[in-house]
Amino acid sequence: MSMNADPVTRLQAAALADASGVQRFAGGAVAVSRGRVLAVGRLSDLPVGRTIDLGDVLLTPAHVNAHTHLELTSIGPRPYAGSFVEWVRMLQAERAAGHDAVYASVAEGCGGLADAGVGYVGDIGGGRHGQGALRGAMVDNQTQGVMFCEYLGLDGRPAEPQHERLQADLAAPAPPQGLRIGLQPHAPYSTGRGVYQACTQAAMRRGWPLSTHLAEMLQEHAFVGRATGPFRDFLEDLGLWTDALLDVYGKGLSPVQWMEPYLQQAPWLLAHGNYLSDDDIAILARHHASIAYCPIASAYFGHPQNGHPPHRYRDLLAAGVNVCLGTDSILCQPADEPQPMGVLPAMRYLHQRDGVDPALLLAMATTHGHRALQSPALQGTLAPGADARFTLIDLPPNHGSAAVDTLTLALQSDAPARLWDDTN
């Protein structure tokens, strides 16, 4: 090797897999250099370099948690008593306040991501205190992905603070490579058309990703379609309801139909999608939207309700909608979950509950997540040029004699995931 050649590291694992066709369950290795994959194959066929034997592990591209709220990490898991409005009141009372507290909460969440084998995140935050503390914590912890700046503000009320903060966020310097900015109007029941359109136009001009919560709850359908229900009552209690909002809500639209003017303009990452009709799914497919499905959080809130069918993620996938995985906030995770920020628990949950094919789950946790975050095409694979960020999952010593492939074995076990990162 030339004295001037970039150093090569070869990672040898019991098994390697990705969603682009690399399925080396009989073992193999990946060669990396300068934070990028060089090649995958048998160790003897790879470029010469330092070799690290990872032992009995499954190596995959680093997982993507496409929807979470790092700012809420300090609250920890909380039980759900059945009222979303009361849950929101608890969240408002207990969430971190002030720069130092927000920084510490986000930093704790960033550590939880890495500890759970998550290499990329779609984080939602900054709605109360702006982006300073959130950005600082993510940069300091070398967290990669998209930092979605969140905005709330209903039409019919003075919206200047939200628009002023949007302009400040747009003028802020770009974060380091690996972390990008996105824009997130919170949800149709909390954020009016003026904020949605301002965010859509600003993101399109800059090529930034867009996200929002959509079709998450039946109460959302009641408010958007009929201007009734707990969200209307909540706004009245806060003094935020005016009859001028009847120009925007109560027109018989589903949340997806209400969103369609913005879906037509750009590809959106939509969180949850717990209540979708056939027409809704057709709209999402037509406009190339992505759904971040958070199965453990959906179960935590008791979805589906009132006789509605289970989450339609399989119908979405069949229609061509990109479905990826998220956790939502740590509040929604089981108190005894050792890796509450991880995507592996969601993969295992769907594999056990619904019998989802492990290869599809790996795609939802990697390539689908990157597509939703509008990452470069190679990301989430082991192809040459992709990031040298990997999720490692321990395998039992007798994995070679198991009746199922190693990816299935990893989903059937309770072994933790961890991150291996050569990009920082």
Exercise for review: Would you check if L214 and W258 make a side-chain contact, meaning some heavy-atom pair closer than 4.5 Å?
Suggested key: no

Revision key, fill the gap. Taking every heavy atom of A299 against every heavy atom of Y349, the minimum-distance pair comes out as CB-OH, 3.3 Å

Practice item. Evaluate the criterion side-chain contact (heavy atoms from CB on, under 4.5 Å) for residue pair Q184 and Y151; output intermediate values, then yes/no. Key: CA-CA 6 Å; Q184 158 106 6; Y151 310 95; 5.8 Å; no

Review point. Hey, are the side chains of L183 and L166 touching, using non-hydrogen atoms and a 4.5 Å cut-off?
Key: yes

Check your understanding: Hey, does M217 have a side-chain heavy atom less than 4.5 Å from the side chain of Q305?
Key -> no

Exercise for review: Apply salt bridge (Lys or Arg N to Asp or Glu O under 4.0 Å) to R36 and D387, showing your working.
Suggested key: CA-CA 5 Å; R36 294 286 183 267; D387 280 355; 2.7 Å; yes

Revision key, fill the gap. For V22 and V40 the tightest heavy-atom approach is CG1-CG1, 3.9 Å

Check your understanding: Is the shortest heavy-atom distance from the side chain of T391 to the side chain of V118 under 4.5 Å?
Key -> no

**Study point:** From D18 atom CG to L59 atom CG, the distance as rounded to the nearest 0.5 Å
**Key:** 10.0 Å

Review point. Would you say T68's side chain and L70's backbone share a donor-acceptor pair under 3.5 angstrom?
Key: no

Point to revise | side chain to side chain donor-acceptor pair (under 3.5 Å) partner of Y275, the single match among R312, H311, H303 | key: H303

Exercise for review: Measure from the side-chain N and O atoms of S105 to the backbone N and O of S74, and report whether any donor-acceptor pair falls under 3.5 Å.
Suggested key: yes

Check your understanding: Is it true that a side-chain atom of N322 and a backbone atom of S290 form a donor plus acceptor pair closer than 3.5 Å?
Key -> no

**Study point:** Worked verdict on Q333 versus I296 for side-chain contact (heavy atoms from CB on, under 4.5 Å)
**Key:** CA-CA 7 Å; Q333 304 306 306; I296 294 174; 3.6 Å; yes

Review point. Side chains of L373 and V64: does their closest heavy-atom pair fall under 4.5 Å?
Key: yes

Exercise for review: Test H370 against Y120 for ring pair (Phe, Tyr, Trp, His ring centres under 6.0 Å), laying out the working first.
Suggested key: CA-CA 8 Å; H370 280 292; Y120 308 88; 4.5 Å; yes

Exercise for review: Start with the C-alpha gap between R89 and S83, add the side-chain angles, then the distance that decides, and say whether side chain to side chain donor-acceptor pair (under 3.5 Å) holds.
Suggested key: CA-CA 10 Å; R89 293 185 191 275; S83 168; over 6 Å; no

Practice item. Give a yes or no on whether a salt bridge exists between R389 and D422, defined as a side-chain N under 4.0 angstrom from a carboxylate O. Key: no

Review point. For G125, does its backbone N or O pair with a side-chain atom of Q131 as donor and acceptor, under 3.5 Å?
Key: yes

Check your understanding: Any idea how H186 and H213 line up, ring-wise: parallel (<30°), tilted (30 to 60°), or perpendicular (>60°)?
Key -> tilted

Check your understanding: Between OH of Y262 and CE of M204, what distance do you get to the nearest 0.5 Å?
Key -> 13.5 Å

Check your understanding: Under 3.5 Å, is there a donor-acceptor pair between the side chain of R418 and the main chain of I393?
Key -> no

Check your understanding: Going by heavy atoms in the side chains, are V106 and M138 under 4.5 Å from each other?
Key -> yes

Practice item. Give the intermediate values and the outcome of side chain to side chain donor-acceptor pair (under 3.5 Å) for residues T73 and E108. Key: CA-CA 7 Å; T73 307; E108 180 183 355; 5.9 Å; no

Study note, to complete from the structure: The reported gap from CD1 in I124 to CD in E71 (rounded to nearest 0.5 angstrom) is 11.0 Å

Practice item. List the steps, then state whether side chain to side chain donor-acceptor pair (under 3.5 Å) holds for Q257 with D280. Key: CA-CA 7 Å; Q257 292 169 333; D280 291 335; 4.9 Å; no

Review point. For atom CD of Q352, is the number of surrounding heavy atoms from other residues, nucleotides or ligands below 6.0 Å larger than 12?
Key: no

Check your understanding: Step by step, would you call T406 with L395 a side-chain contact (heavy atoms from CB on, under 4.5 Å)?
Key -> CA-CA 8 Å; T406 317; L395 298 170; 3.0 Å; yes

Practice item. Any chance you could lay out the side chain to side chain donor-acceptor pair (under 3.5 Å) test for Y196 and T212, step after step, and finish with the verdict? Key: CA-CA 9 Å; Y196 268 94; T212 194; 2.7 Å; yes

Check your understanding: Is the number of heavy atoms from other residues, nucleotides or ligands within 6.0 Å of CZ (R42) greater than 12?
Key -> no

Point to revise | P358 side chain reached by H351 side chain, heavy atoms, under 4.5 Å | key: yes

Check your understanding: Once you round to the nearest 0.5 Å, how far does CG of L361 lie from NE2 of H368?
Key -> 10.5 Å

Review point. What about F223 and Y189, are their ring centers closer than 6.0 Å?
Key: no

Practice item. Given side-chain contact (heavy atoms from CB on, under 4.5 Å), test Q265 with H287 step by step and report yes or no. Key: CA-CA 8 Å; Q265 299 178 58; H287 300 306; over 6 Å; no

Point to revise | Interatomic spacing from CH2 in W268 to CD1 in I291 - rounded to 0.5 Å | key: 12.5 Å

Point to revise | Heavy-atom closest contact (L269 atom, A66 atom, distance) | key: CD2-O, 3.6 Å

Exercise for review: Say whether, by atom type as modelled, one donor and one acceptor occur between the side chain of T327 and the main chain of S329 under 3.5 angstrom.
Suggested key: no

Practice item. Spell out, as yes or no, whether a donor-acceptor pair under 3.5 Å connects the side chain of Q219 to the backbone of P230. Key: no

Point to revise | Sidechain-backbone polar pair: Y300 side chain, R78 backbone, donor-acceptor under 3.5 Å | key: yes

Exercise for review: Compare every heavy atom of F301 with every heavy atom of C332, then report the nearest pair and how far apart it is.
Suggested key: SG-CE1, 3.6 Å

Revision key, fill the gap. One should read off an interatomic distance between L316 CG and I281 CD1, to the nearest 0.5 angstrom, of 4.5 Å

Review point. What pair of heavy atoms forms the shortest contact from P261 to R193, and how long is it?
Key: CG-NH1, 4.1 Å

Check your understanding: Just by distance, do the side chain of D45 and the backbone of G41 share a donor-acceptor pair under 3.5 Å?
Key -> no

Check your understanding: Is there a donor-acceptor contact under 3.5 Å from the side chain of D53 to the main chain of G55?
Key -> yes

Practice item. Taking the side chain as every heavy atom from C-beta outward, state whether R314 and V323 have any atom pair closer than 4.5 Å. Key: no

Review point. Which atom pair, heavy atoms only, marks the closest approach of S254 to H221?
Key: CB-CE1, 4.2 Å

